[in-house]
Amino acid sequence: MDSRKPTYLDYAAATPVDGRVLEAMRPYFADNFYNPSATYLAAKEISKDLTEARSKVAHRLGARPGEIIFTAGGTEGNNLAIQGIMRQHHDGNIVVSAVEHESILAPAKLFDYRVAPVDKSGSVDLKKLAELIDDKTVLVSIMYANNEVGTILPIREISQIIHAKRAERVASHESRVTKSALAYPIYFHTDACQAANYLDLHASRLGVDLMTLNGGKIYGPKQSGVLFVKTGVELRPIILGGGQERNLRSGTENVAGAIGFASALELAQIMRQEESRRLTEIQSYFIGQLKSNFPDTIINGSLKKRLPNNLHVTFPGIDNERLLMQLDEAGILSAAGSACSASDEEPSHVLRAMGVSDTDAQSSLRFTTGRSSTLTDIDTVVNVLSHHITKK
Ligand SMILES: Cc1ncc(COP(=O)(O)O)c(C=O)c1O
């Protein structure tokens with residue numbers, strides 16, 4: 001294996017743990033290993049540290065500590081949100097977008113689910129979304145930013161639609177048009193796993209009732225994360241047992257993970273504006289280089305409403321698996337299709353929903369930058385690409 005440091009361009013799949021996060025976590029693996037539920041003083045100290053981590057997370061989301069449930073990552077948070085709500089309303093329905101992560105789509109399919117289409121930029125069609133919501137819609141789950149193409153979805157506008165639907169239900173109940181209208185609550189959940197490094201996470205500004213975050217994308221530990229659940233939202237646990245996390249997520253707390261997540265989230269939110277500015281510059285440079293060196297490349301996803309670290313590119317006529325390997329051999333680590341699912345033979349459901357042909361999907365790569373990325377990384381990748389892509 002080449003001993004040179006690889007050029008890592010797959011930050012949407014995984015981020016390295018920040019040194020400061022690692023230091024914050026370290027004591028909880030050894031000296032401070034006690035179970036926070038134990039009764040002795042030393043354990044109570046750990047419980048206090050966990051409480052502090054919860055408050056820190058709550059503060060960053062503009063939430064109350066009681067609204068934060070620590071989970072083992074994004075998949076669990078999404079499952080808890082969907083199953084935790086929907087299992088209480090078996091005859092209710094759920095509306096999701098066509099570009100959601102599998103950890104939303106798979107649990108949604110257990111219930112009566114509707115899929116809101118997206119336009120070719122990957123953003124949800126708000127009119128169609130509104131039409132799909134009826135009197136039995138209990139949950140709408142729309143991601144904050146897409147993990148494949150980086151499109152940022154209009155969470156505030158969606159929240160307003162749901163707000164209006166809620167008000168309509170109340171009005172129709174009062175006028176007795178629909179007696180059962182108030183039998184179903186309507187909640188808004190967002191999967192914000194890809195958003196936390198760059199976007200505002202203030203829950204009430206966004207107007208969300210539930211929000212999923214994970215540590216593995218924000219320079220924190222994998223298998224850590226939270227589900228924000230607004231006060232008043234009734235949730236049923238999906239993991240039963242000892243009753244930890246207000247009985248919503250049983251199991252001895254991953255104290256190091258929670259401390260690490262809180263520290264990572266704090267850093268990510270402090271750094272987000274400066275990092276967004278820096279990575280936007282790199283992104284613009286990358287787009288310019290691609291356009292001038294390979295004029296027939298297509299950038300997928302929105303150019304305006306886009307995460308600053310994502311570039312999803314179609315190189316027409318190129319086999320992406322082969323190109324991925326060629327890049328890997330040259331020390332460049334990137335992704336084809338979704339890197340968040342472990343095995344993906346099928347062309348991406350996200351690209352399909354955006355109207356990208358399967359042929360173009362199989363000629364597409366995702367490059368995602370992060371804290372260590374520089375313009376030199378872009379020069380390196382463009383140089384290697386020029387060996388494998390013939391200029392037209
Ligand atoms: C948007 C999104 N949601 C959910 C997940 C799943 O999170 P985790 O791997 O922490 O379970 C990922 C990535 O893996 C993601 O990108």
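In listed order, ligands and their atoms are each counted from 1. These numbers come from a predicted model, not from an experiment. Basis for what follows: all heavy atoms, side chains included, without hydrogens, waters or symmetry-related copies. Numbering of residues begins at 1 and proceeds along the displayed sequence.
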Colleague: Where's the contact between Thr75 and ligand 1, heavy-atom distance under 4.0 Å: side chain, backbone, both or neither?
Modeller: both
Colleague: Who gets closest to atom 3 (N) of ligand 1 by heavy atom: Thr71, Thr212, Asp191?
Modeller: Asp191
Colleague: Got a donor-acceptor contact below 3.5 angstrom from the Arg306 side chain to the Ser302 backbone?
Modeller: yes
Colleague: Can you tell me if Thr137 and Asn93 form a side-chain donor-acceptor pair at under 3.5 Å?
Modeller: yes
Colleague: Do Asp49 and Tyr28 have a side chain donor and acceptor closer than 3.5 Å?
Modeller: yes
Colleague: Residue-level breakdown please: for Ile104 versus ligand 1, do any non-hydrogen atoms fall below 4.0 Å on the side chain, on the backbone, on both, or on neither?
Modeller: neither
Colleague: If the plane angle is over 60° it's perpendicular, under 30° parallel, otherwise tilted; pick one for Tyr34 and Tyr40.
Modeller: perpendicular
Colleague: Not counting sequence neighbours, list each pair that qualifies as a salt bridge (Lys or Arg N to Asp or Glu O under 4.0 Å) and has a residue in residues 64-77.
Modeller: Glu76-Arg249
Colleague: Quick one: does Ser103 get a heavy atom under 4.0 Å from ligand 1?
Modeller: yes
Colleague: Identify every side-chain donor-acceptor pair in residues 277-284 under 3.5 Å, counting partners at least two apart or on other chains, and give the distances.
Modeller:
unit_1, atom_1, unit_2, atom_2, d
Arg277, NE, Glu274, OE1, 3.4
Arg277, NH1, Glu281, OE2, 2.9
Arg277, NH2, Glu274, OE2, 2.6
Arg278, NE, Glu275, OE2, 2.8
Arg278, NH1, Ser373, O, 2.8
Arg278, NH2, Glu275, OE1, 3.4
Arg278, NH2, Glu275, OE2, 3.4
Arg278, NH2, Gly370, O, 3.1
Arg278, NH2, Arg371, O, 3.1
Thr280, OG1, Ser276, O, 2.5
Gln283, NE2, Leu307, O, 2.9
Gln283, NE2, Asn310, O, 2.8
Ser284, OG, Thr280, O, 2.9

Colleague: Would you compute the distance between atom CG of Leu303 and atom CD1 of Ile287 and round it to the nearest 0.5 angstrom?
Modeller: 5.5 Å
Colleague: Return the option from His101, Met143, Gln194, Lys222 holding the heavy atom at the smallest distance from atom 12 (C) of ligand 1.
Modeller: His101
Colleague: Can you spot which of Asn146, Asn78, Asn214 makes a side-chain hydrogen bond (donor to acceptor under 3.5 Å, both in side chains) with Asp191?
Modeller: Asn78
Colleague: May I ask you to identify, for Gln223, whether its side chain, its backbone, both or neither come under 4.0 Å of ligand 1 on a heavy-atom basis?
Modeller: neither
Colleague: Using a 4.0 Å cut-off to any heavy atom of Gly73, which atoms of ligand 1 qualify?
Modeller: 10 (O)
Colleague: In ligand 1, which numbered atoms sit nearer than 4.0 Å to a non-hydrogen atom of Asn214?
Modeller: 7 (O), 8 (P), 10 (O)
Colleague: Give the numbers and elements of all ligand 1 atoms closer than 4.0 Å to a heavy atom of Asn78.
Modeller: 3 (N), 4 (C)
Colleague: Quick one: which ligand 1 atoms are inside 4.0 Å of a heavy atom on Lys217?
Modeller: 12 (C), 13 (C), 14 (O), 16 (O)
Colleague: Check ligand 1 against Gly74 and write out every atom of the ligand that is under 4.0 Å from a heavy-atom position of the residue.
Modeller: 7 (O), 8 (P), 10 (O), 11 (O)
